[in-house]
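Contents: one structure, followed by commentary.
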Amino acid sequence: MTGEQEFRGIESGPLFDRTWHIDRVEGAAVQGLKDTSVEPLSEPLIEVPDDLKGNLVVTSVDALVNWGRKSALWPVTFGLACCAFEMIATAMGRFDIARFGMEAFRASPRQADLMIIAGTVTWKMAPAIQRIHEQMAEPKWVISMGVCATSGGPYFGSYSVVPGVDHIIPVDVYVPGCPPRPDALLFGVMELHEKIKKYHNLRPGSRNVPGGTLAAENP
Amino acid sequence: MPIRTEPMTVNVGPQHPSTHGVFRLRITFDGEEILEVEPVFGYLHRGTEKLAEERNYVQVVTLTDRLDYVSSMINNQAYCLAVEQLLEVEPPDRGKYLRTIAAELQRIAAHLMGIGFFLQDLGTLGTPLMYCFRTREKILDLFEMLCGARITVSYLRPGGVFADAPEDFWPALDRFLTDLPGELSELEQLILENEIVMVRTRGVSTLPLDMAINSSVSGPVLRASGLAWDWRKAEPYDAYDRVEFDVPVAQNGDNYDRFWVRMQELHQSARIVRQCVEQIEPGPVRLDLPLVLRPEPGREAYGRVEASKGELAFYLFSDGGISPYRCKIRSPSLINLTVTEHLLVGWKLADMIVTLGSVDINMGEVDR
Amino acid sequence: MPFQALTGEALADRLAEAVPDSVERADGDCVWVEPSQIAITAQFLRDDPGLDFQFLNAISAVDFIDSFDVVYHLTSFRQQHKGVVKARLHGRESLSLPSVYEVWRGADLQEREVWDLMGIRFEGHPNMKRIMLWEGFDGHPLRKDYL
Ligand code: SF4
């Protein structure tokens, strides 16, 4: 232990030697996720507390709330790979995502309601994605941008790539392309808007199927 | 007696708006000051080298696009040069010029990204980045004319390029080259002499030359430390031996110099493109190679280019089969990060982000 | 002075004088060095004024089933030449090689990468952690027997 280290109150040894246990814990989490996430998840559903079920629904309230939600979807700043550059290009002057009220890319997931998975998802990254998705407040949506996030794409079959982000978090809209052009991403966003418009706020599991019949099948 | 504060180890990334992708650092801070750094890699490790062993020589080109995804053309170039070394062939002249044009346009686009995000990290909140993207979009339009894709181009192929440029490419390129100096000078007026940029970056995180060389640092980072070394000059490939250009070099190796070198290289790249447009002659653009290439067994090649981040090389080993037996990628972004610890320790938290921006890494290439 | 490639024989001649028993064999492109001698050889390659290999371009490893080649690509800016040095390791289990970390700091991340993906340990490297994959990953994916 050097004098400097002692004065500063640092434990002895270089930082990378002191972080072995963290690496092991994280590695075990990654491996566990890889071993258990073998099936894609189904489309997401909103859980509604039991005591709210059967409440009266006023459709114009739905329309207003949905309009509000769709008009200001704030994405979380989350670029993974090549597709991220098309996502950023979408946010820049030429394609101008601000037309959809979406230019406010939030650095904190807690302020965002849309997550654009732009790029290849690796198993090492998967726990972090799951964590960020959990940190976002309901209601939240996920767009899987590009074939990598959708199915592994050019890296399908690689030892370190998740074969589709829907193995770890539920996805609302898939945008194909490698990378999707900004126009394609905007189209995906518009599709998501359509989806949000069909949302009944107080009926269970009614995110896109009126009447919420899916809720019974997917507890 | 100096006041003792409690040091704290924090985690930065992998999801962090300023880590240029999915880079992660563990940092011990004492207040604002950085005491220790441990970079953690691998969040975008996609197994490119393994996948390359399962695809044939031409198919691997598509994987190289996705390494440093802001400079796909240059990645293609490095790989194609390596395959051509294996086969001992050379592309025809027109192909060489088209490659050089494509690579230099790509270098402009890539450097603009490096500069734009560096300034974004400094807190310029969008304006210079928008300027950079404006010019970059024009380049991407040119690429679309060449090959139909904006980012993942796969335009260069072993033995030349995929196809000749269409007729309307040349007037469009001409318009672009006419507009470029104006756009660059707008950007330069905005930032190059900007006082805040200077104060925040001059003398911060200096990298001495001997350390840079010993740590295998290359590209603009090396040139900012004072060595005028450019593989386009040292080992000219494609049409670089027929064009004139300067190698900008700075002396201090600080954040400002790294940024300044990139700014200067933009002009040199435009100069190279202009000369290529003048010199290019009609002719074939691609050698007539079989679709499935089979280099002789036991041969190896080290195809190297000066990419936007530094020395990018593909080390290929052939066993006579249709796919590379081994395809190792020498990635400049990863190796430039060898000096992370030296650059960051002793500086402040706010400088950390800027320094990472000035080294200009690309995670697709760091992790592969 | 044009940039040139040093042949393996030329390198072997210089090495044989300075570091006895270090050269295994040489051909037109590269020189094979006795694996246990690689760190001493590297020191000489860097410090000899005639060779002056200050810059380590890349460390690669190739799996040949019954042996592994570790390849060092080197460049000298002052002498304007480049050279290739290889070390051949036999067998597949518990392979190790002296680290050149002390000679070229640039070997740091590359040696870690070779360990992670190829499973060759470097003795004397301070931080032999996995770099690309996570702790607990089974095997070394770039080996030919990893499927
Ligand atoms: S889909 Fe294509 S462009 Fe997007 S991250 Fe994957 S490889 Fe890159």
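Labels below follow one simple rule: chain letters A, B, ... track the order of the sequence lines, proteins then strands, and each chain is numbered from 1.
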Decide salt bridge (charged side-chain N to carboxylate O under 4.0 Å, His left out) for E300(B) and K86(C); before the verdict, give the C-alpha distance in whole Å, the side-chain angles of both, and the deciding distance to 0.1 Å. CA-CA 13 Å; E300(B) 59 184 53; K86(C) 293 186 181 178; 2.6 Å; yes

side-chain contact (heavy atoms from CB on, under 4.5 Å) evaluation trace for E235(B) with K82(C): CA-CA 11 Å; E235(B) 259 188 339; K82(C) 60 178 181 181; 2.5 Å; yes

Test log, rule side-chain contact (heavy atoms from CB on, under 4.5 Å), inputs L109(C) and F41(B): CA-CA 10 Å; L109(C) 301 176; F41(B) 306 91; 3.7 Å; yes

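The contact between R46(C) and chain B is made entirely by side chain atoms (from C-beta outward), counting heavy-atom distances below 4.5 Å. Proximity to chain C (any heavy atom under 4.5 Å) is restricted, for V366(B), to the backbone atoms N, CA, C and O. The contact between E311(B) and chain C is made entirely by side chain atoms (from C-beta outward), counting heavy-atom distances below 4.5 Å. For Y302(B), the part lying near chain C is the side chain, with the backbone staying farther off; criterion is any non-hydrogen pair under 4.5 Å. Residue contact with chain B, scored on non-hydrogen atoms closer than 4.5 Å, involves the side chain of L133(C) exclusively. Heavy atoms closer than 4.5 Å to chain C are found in the side chain of E38(B), but not in its backbone. In this structure, chain C has a heavy atom under 4.5 Å from the side chain of L222(B), while its backbone stays farther away. Proximity to chain B (any heavy atom under 4.5 Å) is restricted, for L117(C), to the side chain, taken from C-beta onward. For chain B, the nearby part of V103(C) is the backbone; its heavy atoms alone come within less than 4.5 Å.
Side-chain atoms of K50(B) come within 3.5 Å of backbone atoms of Y146(C) as a donor-acceptor pair (strictly under, hydrogens ignored). Side-chain atoms of R326(B) come within 3.5 Å of backbone atoms of A61(C) as a donor-acceptor pair (strictly under, hydrogens ignored). N214(B) contributes no side-chain N or O that, together with a main-chain N or O of W104(C), makes up a donor-acceptor pair within less than 3.5 Å.
The candidate with the highest count of non-hydrogen atom pairs below 4.5 Å against chain B, out of E113(C), Q54(C), M132(C), is M132(C). For the set V40(B), V217(B), I329(B), the entry with the most heavy-atom pairs within less than 4.5 Å of chain C is V217(B).
Around CG of D66(C), the count of heavy atoms belonging to other residues, nucleotides or ligands within 6.0 Å exceeds 12. Taking a 6.0 Å sphere around CD of Q43(C), one finds it holds more than 12 heavy atoms contributed by other residues, nucleotides or ligands.
Classification of the W231(B)-F3(C) ring pair by plane angle, with boundaries at 30° and 60°, yields perpendicular. Ring orientation note: the planes of Y325(B) and F64(C) are close to parallel, at an angle under 30° on the 30°/60° scale.
The CG atom of D108(C) sits 6.0 Å away from the OG1 atom of T338(B) when rounded to the nearest 0.5 Å. To the nearest 0.5 Å, atom CH2 of residue W229(B) and atom CD of residue Q80(C) are 4.5 Å apart. One finds the CD1 atom of I335(B) at 7.5 Å from the CG atom of L56(C) (value rounded to the nearest 0.5 Å). Distance check: W134(C) CH2 to H45(B) NE2 gives 8.5 Å after rounding to the nearest 0.5 Å. Expressed to the nearest 0.5 Å, how far NE2 of H73(C) lies from CZ of R304(B) amounts to 8.0 Å. Put simply, OG on S216(B) and CZ on F55(C) are 5.0 Å apart, with the number rounded to the nearest 0.5 Å.
Heavy-atom minimum distance, L334(B) versus I131(C): CD1-CD1, 4.4 Å. The two residues N57(C) and R330(B) make their nearest non-hydrogen contact at O-NE, 2.6 Å.
Side-chain contact between V62(C) and K328(B) is absent, with no heavy-atom pair separated by less than 4.5 Å.
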